[in-house]
Amino acid sequence: MTLNKSFYCRDPSEVARDILGKKLVKNGLTGKIVETEAYYGEDDPASHAYNGKTNRNRLMFGEPGRVYVYLCYGMYHLLNFTTREEGKPGAVLIRAVEPLQGLESMKTNRNTSRKENLTTGPGKLTEAFGIDKEENGEDATGEGSPIKVKEWKNCDEIQRTKRIGVSEEHERNLRFVCKDSDFLSR
DNA sequence: AATAGGATTTCCT
DNA sequence: GGAAATCCTATTC
């Protein structure tokens, strides 16, 4: 079962927590989501949407369940799914997955053979899955969608921590991880 | 093991 | 002009 629009049309923290353990699918490659972060809008200084709508972040203001990919530090594509109803900015960043299917393609894409270095970071997993600006704006809620998330498992134990790469000020605990995973970032 | 620097887009001051 | 939702490599301890 592909996660539908009502799954994504909720508070970003709820979506970030509930999407853990689910299966990320793109073109035959799959991975178990083990690390996420929630981002909000006007009340979240670390969010792209903090200062209002721009060409880059406009999907965060739109309907839920869309793929939001953007270029970080001029080099790495980061994968998000939009959340909340149209008009209220929100997104969930996928920070790490555990590789399940398509390991050989991932190794080629990443130019490494070590399973633990394939998808253990937000920039790494997009490279492993071949995700870039092409996918920006795609609807992730259809069975035929190029990128989607499917029902699969839940994590045994979920832990909530500070977000990574975000300045201390105003930071709330908006990072969610499957506690005992061997595939978390850094 | 720990630290430092580089690659380089998008947006803000 | 400078910082940002990162990662890799080289250098130094």
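Source: prediction; values computed, not measured. Residue numbers begin at 1 in each chain, while the letters A, B, ... track the order of the sequences.
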### Task
Might you work through the ring pair (Phe, Tyr, Trp, His ring centres under 6.0 Å) test for A:His48 and A:Tyr39, ending with a clear yes or no?
CA-CA 8 Å; A:His48 286 165; A:Tyr39 286 88; 7.5 Å; no
Of the candidate nucleotides [options], which contains the atom at the shortest distance from the side chain of [X]?
| X | options | answer |
| --- | --- | --- |
| A:Leu71 | C:dA5, B:dT9, B:dT8 | B:dT9 |
| A:Lys133 | B:dT10, C:dT6, C:dC8 | B:dT10 |
| A:Arg110 | C:dC7, C:dA5, C:dT6 | C:dC7 |
| A:Tyr39 | C:dA5, B:dT9, C:dT6 | C:dA5 |
| A:Ile164 | C:dT6, B:dA7, C:dA5 | C:dT6 |
| A:Tyr68 | B:dT10, C:dC8, C:dA5 | C:dA5 |
| A:Cys72 | B:dT10, C:dC8, C:dT6 | C:dT6 |
| A:Thr54 | B:dC12, B:dA7, C:dC8 | B:dC12 |
| A:Pro122 | B:dC11, C:dC7, C:dA5 | C:dC7 |

Separation of [N] [atom2] from [X] [atom1] (nearest whole Å):
| X | N | atom1 | atom2 | value |
| --- | --- | --- | --- | --- |
| A:Leu118 | C:dC8 | CG | P | 11 Å |
| A:Asn57 | C:dA4 | CG | C1' | 14 Å |
| A:Tyr50 | C:dA5 | OH | P | 13 Å |
| A:Asn51 | B:dC11 | CG | P | 11 Å |
| A:Arg95 | C:dT6 | CZ | P | 5 Å |
| A:Glu37 | C:dA4 | CD | P | 15 Å |
| A:Asp132 | B:dT9 | CG | P | 15 Å |
| A:Tyr70 | B:dT9 | OH | P | 14 Å |

## Note on the structure
Dot-bracket for DNA chain C, 5' to 3', Watson-Crick and G-U pairs with both distances under 3.5 Å, [ ] for crossing pairs, | for partner on another strand, reads ||||.|||||||.
#### Entry: disulfide (SG to SG under 2.5 Å) involving A:Cys9 - partner list, sequence neighbours excluded
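If we apply the disulfide (SG to SG under 2.5 Å) test to A:Cys9, skipping adjacent residues, there are no hits.
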### Message
Check this one for me: any side-chain N or O of A:Arg175 less than 4.0 Å away from OP1 or OP2 of C:dA5?
### Response
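A:Arg175 to C:dA5 OP1/OP2: no side-chain N or O under 4.0 Å.
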#### Entry: C1'-based separation of C:dA5 from B:dT3 [nearest Å]
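The answer is 22 Å between these two C1' atoms.
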### Integer angstrom distance from the P of B:dG5 to that of C:dC13
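Each nucleotide's P atom is 14 Å from the other's.
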Within the structure shown, what part of the strands sits under 4.0 Å from [X] by heavy-atom distance: base, sugar-phosphate, or nothing?
| X | answer |
| --- | --- |
| A:Arg186 | nothing |
| A:Leu93 | base |
| A:Asn80 | base |

### Task
Please assess A:Asp132 against A:Val69 for the test side chain to side chain contact (heavy atoms under 4.5 Å, CB included), listing each intermediate value before the final yes or no.
CA-CA 7 Å; A:Asp132 60 24; A:Val69 179; 5.5 Å; no
### Message
Is it the case that the side chains of A:Arg95 and A:Thr36 hold a donor-acceptor pair, with the cut-off being a distance below 3.5 Å and no angle test?
### Response
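Short answer, no.
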Within 45 degrees of the ring normal and closer than 6.0 Å to the centroid, is that where the cationic atom of [X] sits relative to [Y]?
| X | Y | value |
| --- | --- | --- |
| A:Arg58 | A:Tyr68 | no |
| A:Arg10 | A:Tyr8 | no |
| A:Arg172 | A:Tyr40 | yes |

### Task
Mark this stacking check for A:Tyr73 against C:dT6 as yes or no, applying ring centres under 5.5 Å and ring planes under 30°.
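Yes, A:Tyr73 stacks on the base of C:dT6, since the ring centres sit under 5.5 Å apart and the planes are within 30°.
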### Message
Are A:Ile131 and A:Leu93 linked, directly or through intermediate hydrophobic residues, by side-chain heavy-atom contacts shorter than 4.5 Å (ILVMFWY only)?
### Response
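Result: no, two separate clusters.
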### Message
For A:Glu35 and A:Ile164: C-alpha separation, side-chain torsions, deciding distance, then whether side chain to side chain contact (heavy atoms under 4.5 Å, CB included) applies.
### Response
CA-CA 11 Å; A:Glu35 177 175 342; A:Ile164 293 180; 4.1 Å; yes
